[in-house]
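Atom set for the values below is all heavy atoms of this structure, side chains included, hydrogens, waters and symmetry mates excluded.
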Amino acid sequence: MMLIIEKKHLVIALMCCLLVLAVPLAYGSGRSDAVTVSAQAGNWGLSFQEEGKTPVGNATSEFLAQYDAYYAGEPDEKVIYLTFDAGYENGYTPAILDALKKHNVKAAFFVVGNYIESCPELVKRMVDEGHIVGNHTYSHPDMSKISDLESFRKEIESLEECYRQATGQEMQKFYRPPQGKYSEQNLKNAQDIGYQTVFWSLAYVDWYVDQQPTHEEAFSKLISRIHPGAVVLLHSTSRTNAEILDELLTRWEDMGYTFGTLDQLTRGEQNQMVSRLSLHVDRARSLRSLG
């Protein structure tokens, strides 16, 4: 654990140093290549502009990265990061876990307090089978309305305690805002208590238990919109998801995709950010020397 923390701090320190170098050089050249979109308060949203490509989020990867937040992986690597939101148990998680085990796919399950309290055996199974159990807050509130750190911390740490009691382990520090509702202050709060925020780059309407999509409707969304580096959000309450997951994983595999974990996603994005900043510094230096 200490080695991981030290590596993360080293990456952050290097990023800060590179930014210090890059900013004056970029302004000295009279141009700026960085365009970011910030987030005040609202819902996470996506715009799919080209099939097979990463959709555009309502905050850029560069903006999110400064708060250790992510929504997609590398656009040139055919890797899928599969995640499930679990607000309650609807009877379908065992089948989902069976399909994941059959394909040797490790996913992330973002759970809330009542899920752990009512289904500790399923949470233990997730852990035993190598899945990440992430923090979806204790009571599933609109986190964009919570700005102070202590109230934010209470939601997060209350769930950590539930997880600790159920598993005897410490929860991995991945956070997903309920319903994708967030603010820039939320991102900062999560970062301040050591969490990485994980949004998504592919989801579909699967959460209405009485209006479940047909298999064909599900496949039409999940196959046509898959893309390299996709962070896929599914709901474990969905009957359709439980029924199609085995075939869905097979189809994605037949398309040449493999599956990664969130810790691999975040490590890879940190390394890529350092590389991009290094290239920006080199480009800015070249422009300055030419000027």
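- A donor-acceptor pair shorter than 3.5 Å can be found between the side chains of Y115 and T93.
- A heavy-atom distance below 4.5 Å is found between the side chains of L97 and M126.
- Taking 4.5 Å as the limit, every side-chain heavy atom of K173 sits out of range of all side-chain heavy atoms of N135.
- Y175 and Q191 form no side-chain donor-acceptor contact under 3.5 Å, judged by distance and modelled atom types alone.
- The shortest distance between side-chain heavy atoms of I193 and L149 falls below 4.5 Å.
- Rounding to the nearest 0.5 Å gives a distance of 11.0 Å between CD of E150 and NZ of K154.
- Other residues, nucleotides and ligands contribute only 12 or fewer heavy atoms inside 6.0 Å of the CD atom of E51.
- Scanning all heavy atoms of the two residues, the minimum distance from E253 to F259 falls at CG-CE1, 3.8 Å.
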Exercise for the section: List the steps and the verdict of side-chain contact (heavy atoms from CB on, under 4.5 Å) for K106 and I132. Expected result: CA-CA 8 Å; K106 307 304 179 188; I132 288 172; over 6 Å; no

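- In this structure a side-chain-to-backbone donor-acceptor pair under 3.5 Å is present from Q66 to F63.
- The line from SG of C119 to CZ of R125 is 13.0 Å long, rounded to the nearest 0.5 Å.
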Exercise for the section: Carefully, step by step, assess R164 and E170 under the rule side-chain contact (heavy atoms from CB on, under 4.5 Å). Expected result: CA-CA 6 Å; R164 192 178 298 115; E170 296 298 320; 2.9 Å; yes

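- Nearest heavy atom pair, residue V105 against residue H131, reads O-CE1, 3.2 Å.
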Exercise for the section: Check step by step if side-chain contact (heavy atoms from CB on, under 4.5 Å) holds for T240 and D206. Expected result: CA-CA 8 Å; T240 297; D206 62 349; over 6 Å; no

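- The side-chain heavy atoms of V231 and L202, taken from C-beta on, include no pair separated by under 4.5 Å.
- Aromatic ring centroids of Y71 and W200 lie 6.0 Å or more apart.
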For residues 220-227, dump all side-chain donor-acceptor pairs below 3.5 Å to protein atoms at least two apart in sequence or in another chain.
unit_1: S220; atom_1: OG; unit_2: E217; atom_2: O; d: 2.7
unit_1: S224; atom_1: OG; unit_2: S220; atom_2: O; d: 2.5
unit_1: H227; atom_1: NE2; unit_2: S201; atom_2: OG; d: 2.9

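- Transitive grouping of hydrophobic side chains (ILVMFWY, heavy atoms separated by less than 4.5 Å) keeps L233 and W207 in distinct clusters.
- Here the shortest heavy-atom pairing between G87 and V112 reads O-CG2, 3.2 Å.
- When each of L245, L82, T250 is tested with H103 by the rule side chain to side chain contact (heavy atoms under 4.5 Å, CB included), just one qualifies, namely T250.
- A cation-pi contact, defined as under 6.0 Å to the ring centre and within 45° of the axis, links R251 to F219.
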Practice task
Before giving the answer on salt bridge (Lys or Arg N to Asp or Glu O under 4.0 Å), spell out for K188 and E184 the whole-Å C-alpha distance, their side-chain angles and the decisive distance to 0.1 Å.
Solution key: CA-CA 6 Å; K188 185 178 186 304; E184 185 170 352; over 6 Å; no

Exercise for the section: For side-chain contact (heavy atoms from CB on, under 4.5 Å), just list the numbers for D142 and Y182, CA-CA rounded to whole Å, side-chain angles, deciding distance to a tenth of an Å, and then say yes or no. Expected result: CA-CA 8 Å; D142 179 349; Y182 74 107; over 6 Å; no

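- Looking at heavy atoms from C-beta onward, L159 lies out of side-chain contact with E155 at the 4.5 angstrom threshold.
- I244 and V209 are not part of a single hydrophobic cluster, where members link through side-chain heavy atoms under 4.5 Å apart.
- For the residue pair T266 and Q196, the shortest heavy atom distance occurs at CB-NE2, 3.4 Å.
- Of the listed residues (Y195, F110, Y70), just one forms a side chain to side chain contact (heavy atoms under 4.5 Å, CB included) with F174, and that residue is F110.
- Note: E129 CD to N104 CG = 10.5 Å, rounded to the nearest 0.5 Å.
- Neither V205 nor L234 shares a network with the other; the hydrophobic side chains, linked directly or stepwise wherever heavy atoms of I, L, V, M, F, W or Y lie under 4.5 Å apart, form separate groups for each.
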Practice task
Report the C-alpha separation of F84 and F109 in whole Å, then their side-chain angles, then the decisive distance to 0.1 Å, and conclude whether the ring-ring contact (aromatic ring centres under 6.0 Å, His included) test is met.
Solution key: CA-CA 5 Å; F84 294 86; F109 290 82; 5.0 Å; yes

Handout entry: Verdict with supporting geometry, E89 and S118, side chain to side chain donor-acceptor pair (under 3.5 Å)
Key = CA-CA 8 Å; E89 179 51 39; S118 62; over 6 Å; no

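- Nearest heavy-atom pair, C162 versus E117, reported as atom, atom and distance to 0.1 Å: SG-OE2, 3.4 Å.
- For the 3.5 Å distance criterion, the side chains of Y92 and N241 fail to qualify, holding no donor opposite an acceptor.
- Side-chain contact between P141 and I146 is present, with heavy atoms from C-beta onward closer than 4.5 Å.
- Grouping the Ile, Leu, Val, Met, Phe, Trp and Tyr side chains by contacts below 4.5 angstrom, directly or via other members, places Y88 apart from I116.
- Distance alone, capped at 3.5 Å, places no donor-acceptor pair between the Q211 side chain and the Y208 backbone.
- By the 6.0 Å and 45° rule, K78 stacks over the aromatic ring of Y257.
- In this structure a side-chain-to-backbone donor-acceptor pair under 3.5 Å is missing from E161 to E157.
- The side-chain heavy atoms of I80 and T258, taken from C-beta on, include no pair separated by under 4.5 Å.
- Considering only heavy atoms from C-beta on, F152 stays 4.5 Å or farther from T137 through its side chain.
- One finds the CG atom of L46 at 7.5 Å from the CG atom of N58 (value rounded to the nearest 0.5 Å).
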Practice task
Could you walk me through whether D128 and K124 pass the salt bridge (Lys or Arg N to Asp or Glu O under 4.0 Å) test, one step at a time?
Solution key: CA-CA 6 Å; D128 290 343; K124 291 176 186 176; over 6 Å; no

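- With respect to P177, the side chain to side chain contact (heavy atoms under 4.5 Å, CB included) criterion is satisfied by exactly one of V198, T197, N186: T197.
- D98 contributes atom CG, which lies 8.0 Å from atom NZ of K101 (distance to the nearest 0.5 angstrom).
- Taking CD from E247 and CG from L249, the interatomic distance works out to 10.5 Å, rounded to the nearest 0.5 Å.
- Across T54 and P75, no two heavy atoms sit closer than the pair OG1-CB, 3.8 Å.
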